[in-house]
Amino acid sequence: MSFPDMRGVVGGAHFTAASEHTEGEREVLRPVSSHLSGSDVKLDGKRRQIVEDVSELFCSRPTPEIFERSWKRDAVFADPLSKCNGYHEYAPQWYGLAKLFPKSRTLKMNVISSTYAPDEPNRIVYEQEQEYTLKLIGHKQVVRSLVVIDLDENDMITKLEDKWDGKDLPSRFGTFYLRRMNAKVLPWLVKVPEWKK
């Protein structure tokens, strides 16, 4: 299955990453030409760090430093299984992912938009293909996502949406409550470090 072509919606391509790393190694982002403007657009400084930190989370390597460096405490995390408000709800999702899928690697990554807008959220949008290996039985599952990261004026994450296959997140009455229930229950099952800031 391939991604829908989102470039016309969110802007030009900025970075791509192919990961052949083993556990403990970091992703390397390489600039590529923009399909729309014909020029390279670079993620530098804080924005590059945010993409690297989020990649570490998807690779099942959460740390307190990642959250304190790149996330607002009251940020929102949403995917098809959960809608989390605040560190006490979103951190257990990432630490739980690491317990369920201790081995996870990024197969492909393509940053397609990095915007600064005065009247809208500052935003990074990228596509990724992630391979998760289930603990104990070793079953592998590839998930393709469109990741949308909203940032505040200091480039701290205020909202992260993981849209599987680029589809909008479920919002029907029943699914919304199931996603909220997941966000409320998982903190009882997965312990996370205290926020130190």
Side-chain angles (χ1 to χ4, degrees), residues 1 3 19 23-24 27 49-107 109 121 123-152 155-197:
M1 178 175 282
F3 287 113
S19 174
E23 194 169 325
E27 307 280 337
Q49 183 67 60
I50 286 168
V51 171
E52 289 173 356
D53 283 348
V54 171
S55 179
E56 285 295 294
L57 295 175
F58 279 110
C59 288
S60 295
R61 295 188 290 263
T63 66
E65 293 78 22
I66 286 174
F67 295 111
E68 292 169 10
R69 177 175 52 233
S70 295
W71 288 71
K72 297 276 289 184
R73 186 181 182 116
D74 61 351
V76 172
F77 169 75
D79 69 7
L81 301 177
S82 62
K83 177 150 188 329
C84 306
N85 300 314
Y87 177 79
H88 64 285
E89 291 183 2
Y90 67 71
Q93 301 295 321
W94 296 109
Y95 283 94
L97 178 74
K99 290 186 181 301
L100 189 58
F101 300 101
K103 185 176 179 191
S104 172
R105 65 187 185 120
T106 304
L107 302 176
M109 177 188 289
R123 181 171 284 170
I124 300 169
V125 179
Y126 69 89
E127 300 168 325
Q128 76 175 6
E129 189 172 297
Q130 195 75 20
E131 180 185 75
Y132 299 97
T133 303
L134 191 61
K135 188 175 185 176
L136 301 178
I137 64 171
H139 173 74
K140 295 182 180 185
Q141 177 69 43
V142 174
V143 176
R144 292 165 186 86
S145 298
L146 182 69
V147 179
V148 180
I149 305 170
D150 288 347
L151 307 165
D152 69 5
D155 279 344
M156 296 290 285
I157 297 171
T158 60
K159 183 177 184 180
L160 189 150
E161 292 183 330
D162 179 15
K163 299 179 176 186
W164 297 353
D165 290 323
K167 296 177 183 173
D168 286 337
L169 297 172
S171 60
R172 292 185 187 170
F173 182 77
T175 58
F176 174 79
Y177 286 106
L178 287 173
R179 292 170 62 220
R180 284 299 295 140
M181 184 174 72
N182 180 17
K184 295 285 189 188
V185 170
L186 201 56
W188 290 89
L189 304 174
V190 178
K191 298 293 181 201
V192 301
E194 290 293 321
W195 185 278
K196 294 178 183 173
K197 274 190 178 176

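Values in this document were obtained by computation on a predicted structure and should not be read as measured data. Only heavy atoms go into these numbers, but all of them, side chains included; no hydrogens, no water, no symmetry mates.
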TODO: State, with a plain yes or no, whether a side-chain heavy atom of V125 is found less than 4.5 Å away from one of V147.
DONE: no
Open item on the list: So which atom in D162 and which in P80 form the shortest heavy-atom distance, rounded to 0.1 Å?
Closed with: O-CD, 3.4 Å
Open item on the list: If you apply the rule side chain to side chain contact (heavy atoms under 4.5 Å, CB included), what do you find for D53 with W71, and how did you get there?
Closed with: CA-CA 10 Å; D53 283 348; W71 288 71; 5.8 Å; no
- [ ] Check whether any side-chain heavy atom of V54 lies under 4.5 Å from a side-chain heavy atom of I157, and answer yes or no.
- [x] yes
- [ ] Report the relative orientation of the aromatic rings in F67 and Y87; use parallel for angles under 30°, tilted for 30 to 60°, perpendicular for over 60°.
- [x] perpendicular
Task: Pairwise side-chain contact, K135 with L100, heavy-atom cut-off 4.5 Å (strictly under) - done: no
- [ ] First locate atom CZ of R172, then atom CG of L178, and finally report the distance between them rounded to the nearest 0.5 Å.
- [x] 13.0 Å
Open item on the list: Checking the side chain of S145 only, and the main-chain atoms of Q128 only, is there a donor and an acceptor separated by less than 3.5 Å?
Closed with: no
- [ ] Give the minimum heavy-atom separation between R69 and M156, together with the two atoms involved.
- [x] O-SD, 3.2 Å
Result block: side-chain N/O donor-acceptor pairs under 3.5 angstrom for residues 180-191, not counting sequence neighbours:
from : atom 1 : to  : atom 2 : distance (Å)
R180 : NH1    : K83 : O      : 2.5
R180 : NH1    : E89 : OE1    : 2.7
R180 : NH2    : E89 : OE2    : 3.4
N182 : ND2    : L81 : O      : 2.9
K184 : NZ     : E89 : OE2    : 3.1

Open item on the list: Working to the nearest 0.5 angstrom, can you tell me the gap between E131 CD and E129 CD?
Closed with: 9.0 Å
Open item on the list: Going by side-chain contact (heavy atoms from CB on, under 4.5 Å), L57 matches just one of P62, S104, S70. Which one?
Closed with: P62
Open item on the list: Please determine whether ring pair (Phe, Tyr, Trp, His ring centres under 6.0 Å) holds for the pair F77 and Y90, giving the CA-CA distance in whole Å, both sets of side-chain angles, and the decisive distance to 0.1 Å.
Closed with: CA-CA 6 Å; F77 169 75; Y90 67 71; 7.7 Å; no
Task: F58 backbone acceptor or donor facing Q130 side chain under 3.5 Å - done: yes
Open item on the list: If I compare all heavy atoms of E68 with all of K196, which pair ends up nearest, and what's the gap?
Closed with: OE2-N, 3.1 Å
Open item on the list: With heavy-atom distances below 4.5 Å as the criterion, would you say the side chains of R61 and T63 are in contact?
Closed with: no
Task: Interatomic distance, M109 atom CE to E127 atom CD [nearest 0.5 angstrom] - done: 11.0 Å
Open item on the list: Distance check, rounded to the nearest 0.5 Å: L169 atom CG versus K163 atom NZ?
Closed with: 6.0 Å
- [ ] List the steps, then state whether side chain to side chain contact (heavy atoms under 4.5 Å, CB included) holds for T158 with L151.
- [x] CA-CA 5 Å; T158 60; L151 307 165; 5.8 Å; no
Open item on the list: Between F101 and L134, is there a side-chain heavy-atom distance shorter than 4.5 Å?
Closed with: yes
Open item on the list: Let me confirm one number: the CG-CH2 distance from D79 to W164, rounded to the nearest 0.5 Å.
Closed with: 5.5 Å
- [ ] State, with a plain yes or no, whether a side-chain heavy atom of V192 is found less than 4.5 Å away from one of W94.
- [x] no
TODO: Given side chain to side chain contact (heavy atoms under 4.5 Å, CB included), test V142 with K140 step by step and report yes or no.
DONE: CA-CA 7 Å; V142 174; K140 295 182 180 185; over 6 Å; no
TODO: To the nearest 0.5 angstrom, please state how far the CZ atom of R123 sits from the CG atom of D150.
DONE: 4.0 Å
- [ ] Check C84 against Q93 and note the closest heavy-atom contact, atom names and distance.
- [x] SG-CG, 3.4 Å
TODO: State, yes or no, whether a side-chain contact exists between P102 and S60 at a heavy-atom distance under 4.5 Å.
DONE: no
- [ ] Over all heavy atoms of both residues, which pair between C59 and T106 is shortest? Give the atoms and the distance, please.
- [x] SG-OG1, 3.5 Å
